[in-house]
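Below: one structure, written as structure tokens.
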2 protein chains.
Amino acid sequence: MPHDHCPSCAAPDLAFATHDHADCASDGLARAQEILATKGLRLTPVRRRTLEILLEGHRALGAYEVLSRLAAEGFGAQPPVAYRALDFLEEHGLAHRIRRLNSFTACMHMGESHTAAFLICRACNAISEAPAAPSRSALDNAASAQGFAIESATIEALGLCPSCQTTPDKAAA
Amino acid sequence: MPHDHCPSCAAPDLAFATHDHADCASDGLARAQEILATKGLRLTPVRRRTLEILLEGHRALGAYEVLSRLAAEGFGAQPPVAYRALDFLEEHGLAHRIRRLNSFTACMHMGESHTAAFLICRACNAISEAPAAPSRSALDNAASAQGFAIESATIEALGLCPSCQTTPDKAAA
DNA sequence: CTTGTAATGTTACGATATAACATATAGATC
DNA sequence: GATCTATATGTTATATCGTAACATTACAAG
């Protein structure tokens, strides 16, 4: 069931490909529950709803965008409500912050400890999580050559997803 | 002449190493002048001063930090003054934006077209520009496997520089 | 059912960034 | 040199993103 609001609906391991997104989202939620249960952490209503909102599509949402959704549903209406839920999800590997966009997206590989690399389509805003291990190890090499100890890495690419490359008006720089 | 305010004064190709920073900075300015002259672009007083401020150390400065320096010297005191100069420098490869810190730093490899990778010390805020080609090509591979066309990449690592690794109190997470 | 801890909510503010428009300046042309 | 034009600078005003500090509520352990 590829859904309409997501022109480049991405599968967990084959982003920008059409897939059954209802499954994709509910799997993500289930996976999150398992992971938090294991760690003895709580998926409270705000946190759960925040994750669901992120899981609605393979896009990045700003904290204030998430906040307005939460507020409309009766949760708190002040920024810390959204930031706390988002920070919690990020801290436990259920969501990622996209620095380039000052926004957040659900993690597509929950539980697999990894440095994530993101492919961000500047035309349709779709986000895909790409294998980052090769980039990351190249970065580790560059760092250790300088004696620098990496604690966390941000790897993000901006460009055009497959479907937007074929849409000339969107592709215009 | 390693200078005092820069605990991890970095050489262009060997960051985090002590070096003659007065040369490092004046070379950067000279190089910038060449490059802009070639392109028929102007290194106006604000732009020049902004670059000099960034070149003072291998650190990242926020736009408002640069702005207050400029304002104190008689330039305009409003945000666009700083953002315009910084954006201009970035656009022409003379400075980089560090997304992770919402701030800016002088480019250490002006004129060499490259995707930059940054090593950011969370203890002393020193910034080193590392060879990014290997990371970048690994990222290109991951992207093309998904049919994604990268236009620009952000590669940044947060961690500890050599000198801060040996200072336990600074290294505390 | 109390008590300590974690989570939620609020107010208030700080930091980052840009839109829109007015003024000034450098270089080209006459 | 005067004038024109494009570029650059400066301003006001506002949008957007993020956090500190503290009050209140829910939860789970004893």
Side-chain angles (χ1 to χ4, degrees), chain A residues 32-33 36-37 39-51 53-54 59-92 94-105 120 125 154 156 158, chain B residues 32-33 36-37 39-54 59-92 94-105 125 154 156 158:
Chain A
Q33 279 170 322
L36 292 180
K39 298 194 197 174
L41 297 167
R42 297 160 54 201
L43 187 62
T44 61
V46 212
R47 291 169 180 172
R48 181 193 170 99
R49 193 65 196 114
T50 299
L51 182 55
I53 289 168
L54 293 182
R59 315 192 300 298
L61 295 183
Y64 280 73
E65 215 168 334
V66 169
L67 177 60
S68 71
R69 295 283 306 275
L70 293 173
E73 296 174 19
F75 294 100
Q78 304 307 320
V81 170
Y83 281 103
R84 278 194 292 235
L86 291 165
D87 290 348
F88 173 89
L89 295 174
E90 189 187 15
E91 188 177 350
H92 298 100
L94 310 179
H96 295 285
R97 180 186 283 256
I98 305 296
R99 306 269 170 190
R100 193 85 181 223
L101 301 179
N102 293 329
S103 59
F104 301 82
T105 193
I120 308 163
N125 292 304
T154 296
E156 299 175 357
L158 198 67
Chain B
Q33 279 170 321
L36 292 181
K39 298 193 195 174
L41 296 166
R42 296 162 52 202
L43 188 60
T44 62
V46 213
R47 289 170 182 171
R48 181 191 171 102
R49 193 67 195 113
T50 300
L51 181 56
E52 286 172 352
I53 290 168
L54 293 182
R59 315 190 301 298
L61 296 183
Y64 280 75
E65 217 169 333
V66 169
L67 177 59
S68 70
R69 294 283 306 275
L70 292 174
E73 299 175 16
F75 294 100
Q78 304 307 320
V81 169
Y83 281 104
R84 278 194 292 233
L86 291 165
D87 289 348
F88 173 88
L89 294 174
E90 189 189 14
E91 187 176 351
H92 298 101
L94 311 180
H96 295 285
R97 180 186 284 256
I98 306 296
R99 305 268 169 191
R100 192 85 182 223
L101 302 179
N102 292 125
S103 60
F104 300 82
T105 194
N125 291 303
T154 296
E156 298 175 358
L158 199 67

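This is a predicted model, so every value here is computed, not measured. First the proteins, then the strands, lettered A, B, ... as listed; each starts at 1.
- Rotation axes derived from the C1' atoms of the five outermost pairs at either end of the helix from C:dC1-D:dG30 to C:dC30-D:dG1 lie 30° apart, to the nearest 10°.
- Taken residue by residue, residues 75-88 of chain A places heavy atoms nearer than 4.0 Å to DNA chain D at A:P79, A:P80, A:Y83.
- Summarising the geometry, atom CG belonging to B:L94 is positioned 10.5 Å from atom CD belonging to B:Q33; distances are rounded to the nearest 0.5 Å.
- Here the side chain of A:R47 pairs a donor or acceptor atom with the backbone of A:R42 at under 3.5 angstrom.
- Taking atom CG of B:L101 as the reference point, atom P of D:dC17 lies 18 Å away to the nearest angstrom.
- Using a 4.5 Å heavy-atom threshold, the side chains of A:L158 and A:R100 count as touching.
- If you take CG of B:L61 and P of C:dA17, they are 13 Å apart, rounded to a whole angstrom.
- Side-chain nitrogen and oxygen atoms of B:R47 include at least one within less than 4.0 Å of the OP1 or OP2 phosphate oxygen of D:dA8.
- Remark: C1' of C:dT16 and CZ of B:R99 are 13 Å apart, rounded to the nearest angstrom.
- Between B:I53 and B:L70, some side-chain heavy-atom pair lies under the 4.5 Å cut-off.
- Distances shorter than 4.0 Å separate some side-chain N or O of A:T44 from OP1 or OP2 on C:dT8.
- Note that the OG1 atom of B:T105 and the CG atom of B:L89 stand 11.5 Å from one another [nearest 0.5 Å].
- Within the 4.5 Å cutoff, the side chain of A:L36 has heavy atoms near those of the A:F88 side chain.
- For B:Y64, whose side chain is taken as the heavy atoms from C-beta onward, the closest listed nucleotide among D:dT7, D:dG18, C:dT16 is C:dT16.
- The nearest whole Å value for the distance from the CD atom in B:E65 to the C1' atom in C:dG14 is 15 Å.
- Spacing between atom CG of A:L67 and atom P of C:dT8 amounts to 14 Å, rounded to whole angstrom units.
- For the pair A:R97 and A:D87, the minimum side-chain heavy-atom distance is below 4.5 Å.
- Separating the CZ atom of B:R100 from the P atom of C:dA15 is a distance of 21 Å, rounded to the nearest angstrom.
- Atom CD1 in A:I98 sits about 14 Å away from atom P in D:dC17, given to the nearest Å.
- Between B:R69 and B:E65 there is no salt bridge, since no side-chain N of the basic residue sits under 4.0 Å from a carboxylate O of the acidic one.
- One interatomic measurement links the two molecules: CZ of B:R42 to C1' of D:dA6, which rounds to 10 Å at whole-angstrom precision.
- The backbone N or O of A:I120 sits nowhere less than 3.5 Å from a side-chain atom of A:E156 that would complete a donor-acceptor pair.
- Distances shorter than 4.0 Å separate some side-chain N or O of B:N102 from OP1 or OP2 on C:dA17.
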